[in-house]
Amino acid sequence: MSKVIVMDHPLIKHKLTFIRDKNTGPKEFRELVKEVATLMAYEVTRELPLEEIEIETPLVKTKSQVIAGKKLGLVPILRAGLGMVEGMLDLLPAAKVGHIGLYRDPETLQPVEYFCKLPYDAVERELILLDPMLATGGSAKAAIDFLKKRGIEHIKLVCLIAAPEGIKVINDAHPDVDIYVGEVDEKLNDHAYIVPGLGDAGDRLFGTK
Ligand code: URA
């Protein structure tokens with residue numbers, strides 16, 4: 001079963017309040033999303049394995065810990081996921097960044113991949129999938145399907161806000177994928193927007209509305 005890790009840190013809660021506020025313009029919205037993504041990078045890496053190496057301080061030789069295990073990759077789902085990349089890279093500068101773009105086929109209503117460019121060594125990495133709004137879960141589920149088809153096994157999903165419906169979709173389809181989220185909201189409305197939510201994350205990031 002997917003673990004749902006709600007990152008209820010006061011700084012994340014505070015910033016999410018202003019991200020949600022409809023009077024927050026694109027510049028401030030982008031800055032806040034970036035800052036929250038940095039805080040989320042801290043939480044999503046909390047369980048990374050460590051190993052001891054030997055170093056020499058100015059005083060003595062000693063053993064000290066460094067990150068071990070798989071390297072990381074970030075995969076924003078286009079386009080709203082882009083808003084979280086820079087903030088994550090501030091803490092994880094060695095992570096490589098792939099991109100995945102999906103659209104919904106108007107007839108079948110199924111997500112179709114229109115763009116996917118991943119690091120050449122993606123299968124050896126732990127991938128952090130970035131999707132600010134986990135609403136119906138359709139895009140995130142499809143993105144995880146596409147990543148797994150390419151042989152990628154270690155995936156975490158990071159969202160600013162999730163609806164219970166989206167969490168269930170991921171949990172049912174991909175119980176091995178843990179979900180890191182700033183807040184879980186009440187529900188989806190009839191247009192598949194998260195309520196109370198923040199509106200359309202892509203439009204608010206890029207000022208397209
Ligand atoms: N995508 C968004 O940007 N906002 C929602 O509320 C749902 C999906």
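Whatever order the structure lists them in is the order used to number ligands and atoms, beginning at 1.
- Here Lys71 does not pair with Glu124 in a salt bridge; the nearest charged N to carboxylate O distance is not below 4.0 Å.
- Shown here are the side chain to side chain donor-acceptor pair (under 3.5 Å) partners of Asp121, two or more places apart in sequence or in another chain: Arg125.
- Sequence neighbours left out, the pairs with a member in residues 142-168 that pass side-chain hydrogen bond (donor to acceptor under 3.5 Å, both in side chains) are Glu113-Arg150, Glu126-Lys156, Lys141-Asp145, Asp145-His174, Lys148-His174, Lys148-Asp176, Lys168-Asp172.
- Both Tyr103 and Leu78 belong to a common hydrophobic cluster when Ile, Leu, Val, Met, Phe, Trp and Tyr are linked at side-chain heavy-atom distances under 4.5 angstrom.
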Could you pull out every donor-acceptor pair under 3.5 Å between side chains of residues 41-48 and any protein atom, sequence neighbours left out?
| from | atom 1 | to | atom 2 | distance (Å) |
| --- | --- | --- | --- | --- |
| Glu43 | OE1 | Arg46 | NE | 3.2 |
| Glu43 | OE2 | Arg46 | NH2 | 3.4 |
| Thr45 | OG1 | Ala41 | O | 2.7 |
| Thr45 | OG1 | Tyr42 | O | 3.1 |

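- For the pairing with Asp185, the side chain to side chain contact (heavy atoms under 4.5 Å, CB included) check across Val195, Ile194, Leu134, Leu198 returns one residue only, Ile194.
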Tabulate distances under 3.5 Å between N/O atoms of ligand 1 and N/O atoms of the protein, writing both atom names on each line.
| from | atom 1 | to | atom 2 | distance (Å) |
| --- | --- | --- | --- | --- |
| ligand 1 | 3 (O) | Ala201 | N | 2.7 |
| ligand 1 | 4 (N) | Gly199 | O | 2.7 |
| ligand 1 | 6 (O) | Ile194 | N | 2.8 |

